[in-house]
Amino acid sequence: MKLRPEEITSILRQRIEQYDVETDLAEVGTVLQVGDGIARIYGLENAVAMEMLELENGVVGLAFNLEEDDVGAALFGEWEGISEGSSVRRTGRVASIPVGEALLGRVVDPLGNPLDGRGPIETEHFRPLEFKAPGVVARQPVKEPLQTGIKAIDSMTNVGRGQRELIIGDRSTGKTAILIDTILNQKDTDVHCIYVAIGQKESTVAGIYERLRSAGAMEYTTIVTASASEAAPIKWMAPFAGAAMGEYFLFSGKHALVMYDDLSKHADAYHQLSLLLRRPPGREAFPGDVFYLHSRLLERACKLNDENGGGSLTALPVIETQAGDVSAYIPTNVISITDGQIFLQADLFYSGVRPAVNVGISVSRVGSSAQTKAMKKVAGRLRLDLAQYRELEAFAQFGSDLDRATQQALTRGEKMVATLNQPQYQPWPMEEQVAAIYAGIHGFLDDIPTPQVQRFQDELREHLRAEGSVYQQIRESGDLPDDLAQKLSGEIDKFKNTFNVQTESAVA
């Protein structure tokens with residue numbers, strides 16, 4: 001048999017041209033040390049910060065520390081099965097979570113996995129966990145009100161769309177109650193709510209879910225929970241996941257409200273995570289970047305300008321204080337980042353003032369620019385009057401000989417405190433708040449016994465609802481012109497006459 005070199009050459013050339021090998025190039029590292037949900041990994045020289053890493057048994061890692069010899073990673077999932085020598089692969093993706101309309105009505109963990117037993121969440125949209133906040137040029141001033149439905153807040157420390165308003169107070173002073181009421185008040189509005197529970201008991205979160213579901217509020221709400229039993233990395237991740245979910249609506253030209261309950265536990269989780277990663281401790285053993293942790297989170301809340309779609313992301317962070325100490329490290333950090341704070345005082349709470357807002361310390365740095373004209377007119381002097389009332393109340397304890405003006409200020413203040421008292425889970429629409437505060441500041445309550453102010457306001461509300469036109473005009477115009485104010489005064493007078501008759505007959 002004769003060999004033909006040209007034939008062999010052509011066959012070889014053809015085979016080489018058609019040769020196709022699928023190369024799978026992956027950077028693989030090795031676990032050097034693992035414990036407490038933290039792993040040190042060798043061999044991932046090109047890993048980037050916040051990159052997702054794949055470990056064995058479906059465990060996911062997040063690259064935190066990029067050191068000269070190894071990478072420090074936080075582990076998510078059943079990390080107990082990971083041991084020294086386990087292999088780790090880079091994914092080339094930074095941490096991201098599912099977002100979008102599909103998450104409304106669901107309870108999820110910070111990784112986007114459903115916890116409500118209602119099947120998987122199907123969404124095509126994902127957003128990175130960490131995202132650079134929009135710059136100054138892309139924003140516009142906060143000027144639209146976001147109604148909480150709580151008279152004491154909407155009148156004095158009002159919240160605007162795109163604002164960051166801190167809710168701060170001791171344990172069990174009604175912080176979460178304000179958040180739930182605010183969610184309930186967004187019904188029939190275009191605001192989507194994300195409630196982030198950090199380090200809360202699972203029974204507490206279940207109770208909140210049931211309350212919102214029974215009120216029909218879960219239709220526009222997502223609950224993100226990292227319960228008290230979860231590891232520190234999951235708690236650290238929770239508020240960033242909530243912010244990413246809110247940013248989906250922000251950059252779609254829609255409106256979202258995200259609540260972080262609470263950032264004290266978040267700081268504690270980050271503190272634990274940092275110490276396990278061998279990061280040097282700073283003040284009160286917190287890591288040096290704990291301020292940056294919260295500032296980069298809260299700075300993502302903003303109101304975009306019209307060229308960027310005009311969407312808004314409003315943030316209501318919560319901080320728990322110890323014995324009312326607002327000058328501690330984490331409280332002062334978050335106060336300096338936010339656009340105002342609502343301080344809930346334990347003494348007021350136990351004396352029956354609900355919500356227990358301390359008017360002297362509470363402030364909204366957006367001011368009346370995020371209030372309707374009607375609310376501006378009736379609540380303009382309310383903060384000052386109530387602050388003066390608190391001072392006079394303390395002064396009046398030392399002497400009984402008070403002049404007429406002081407007695408009148410004390411009486412008016414007492415009636416206004418009773419007017420602003422509000423039961424939980426009963427948010428008031430803006431027009432009803434305006435009418436109630438109007439009745440107080442214009443002296444209609446001065447001769448009503450303080451214990452009966454609440455009943456007076458409730459029955460006045462029913463009277464004005466039946467009358468209809470006053471509420472409708474305030475709601476539609478957002479203003480309280482002089483002719484409408486006169487009409488409102490006439491209606492309150494008309495109602496007050498019947499109220500007094502009822503009171504006298506009841507006493508008789």
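What you see is a predicted model, and the numbers here were worked out from it, not measured in a lab. Scope of the values below: all heavy atoms of this structure, side chains included, with no hydrogens, waters or symmetry mates.
- Nearest heavy atom pair, residue Pro114 against residue Gly119, reads CG-O, 3.5 Å.
- A donor-acceptor pair is defined here as one N or O able to donate and one able to accept, closer than 3.5 Å; such a pair exists between the side chain of Asn421 and the backbone of Gly352.
- When all heavy atoms are compared, the tightest approach of Ala256 to Gly246 is CB-O, 3.9 Å.
- Counting only distance, with no hydrogens or angles, the side chain of Ser362 and the backbone of Phe343 share a donor-acceptor pair below 3.5 Å.
- Each of Leu111, Val108, Thr123, Asn113 was evaluated against Pro98; a single residue qualifies, Thr123, per the side chain to side chain contact (heavy atoms under 4.5 Å, CB included) test.
- No hydrogens or angles considered: a donor-acceptor pair under 3.5 Å links the side chains of Gln163 and Ser364.
- With Tyr220 contributing its side chain and Lys187 its backbone, the two residues share a donor-acceptor pair below 3.5 Å.
- The side-chain heavy atoms of Asp262 and Ile198, taken from C-beta on, include no pair separated by under 4.5 Å.
- The side-chain heavy atoms of Ile38 and Phe64, taken from C-beta on, include no pair separated by under 4.5 Å.
- Nearest heavy atoms, Pro317 versus Thr338: CG-CG2, 3.9 Å.
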**OP:** Report the C-alpha separation of Thr148 and Asn185 in whole Å, then their side-chain angles, then the decisive distance to 0.1 Å, and conclude whether the side-chain hydrogen bond (donor to acceptor under 3.5 Å, both in side chains) test is met.
**Re:** CA-CA 6 Å; Thr148 66; Asn185 200 52; 5.9 Å; no
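- Side-chain contact between Asp261 and Tyr195 is present, with at least one heavy-atom pair separated by less than 4.5 Å.
- The aromatic rings of His125 and Tyr248 sit tilted, their planes meeting at an angle between 30° and 60°.
- Residues Val290 and His271 have side chains not in contact (no heavy-atom distance under 4.5 Å, counting atoms from C-beta outward).
- The closest side-chain heavy-atom distance from Leu146 to Gln186 is below 4.5 Å.
- In this structure, Phe286 and Ile330 have side chains that are in contact, with non-hydrogen atoms separated by less than 4.5 Å.
- With Glu27 contributing its side chain and Ala47 its backbone, the two residues share no donor-acceptor pair below 3.5 Å.
- Partner of Glu299 under the side chain to side chain donor-acceptor pair (under 3.5 Å) criterion, out of His294, Lys132, Arg164: Arg164 alone.
- Between the side chain of His192 and the main chain of His255, a donor-acceptor pair closer than 3.5 Å is present.
- The shortest non-hydrogen separation linking Gln433 to Asp154 is NE2-OD2, 3.0 Å.
- With contacts defined as side-chain heavy-atom distances shorter than 4.5 Å, the pair Ile437/Met416 qualifies.
- Using a 4.0 Å cut-off between charged nitrogen and carboxylate oxygen, Arg465 and Glu432 count as a salt-bridge pair.
- Side chains of Met52 and Leu62 form a contact here, defined as non-hydrogen atoms less than 4.5 Å apart.
- Thr419 and Gln457 share a side-chain donor-acceptor pair at under 3.5 Å.
- Electrostatic pairing of Asp190 and Arg161 counts as a salt bridge here, judged by a charged N lying under 4.0 Å from a carboxylate O.
- With sequence neighbours left out, Ser274 forms a side chain to side chain donor-acceptor pair (under 3.5 Å) with no residue at all.
- For the pairing with Val318, the side chain to side chain contact (heavy atoms under 4.5 Å, CB included) check across His266, Lys175, Lys265 returns one residue only, Lys175.
- Salt bridge present: Glu101 and Lys254 bring a charged side-chain N and a carboxylate O closer than 4.0 Å.
- Checking Gln371, Gln147, Glu165 one by one against Val159, the side chain to side chain contact (heavy atoms under 4.5 Å, CB included) holds for a single residue, Glu165.
- Not one N or O on the side chain of Glu67 forms a donor-acceptor pair closer than 3.5 Å with the backbone of Gly72.
- With rounding to the nearest 0.5 angstrom, the OG1 atom of Thr222 is 5.5 Å from the CD1 atom of Ile194.
- The closest side-chain donor-acceptor pair between Ser227 and Thr225, if any, does not fall under 3.5 angstrom.
- Interatomic distance, Arg106 CZ to Arg118 CZ, rounded to the nearest 0.5 Å: 5.0 Å.
- Arg365 and Asp339 are not joined by a salt bridge, as no carboxylate oxygen comes within less than 4.0 angstrom of a charged side-chain nitrogen.
- Here the closest non-hydrogen pair linking Leu44 and Arg90 is CD2-CG, 3.9 Å.
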Original post:
Going through the checks in order, is the side chain to side chain contact (heavy atoms under 4.5 Å, CB included) test met by Asn46 and Glu51?
Top reply: CA-CA 10 Å; Asn46 298 317; Glu51 183 179 354; over 6 Å; no
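- Judged by distance alone, with hydrogens and angles left aside, the side-chain atoms of Gln140 form no donor-acceptor pair with the main-chain N or O of Gly310 at under 3.5 Å.
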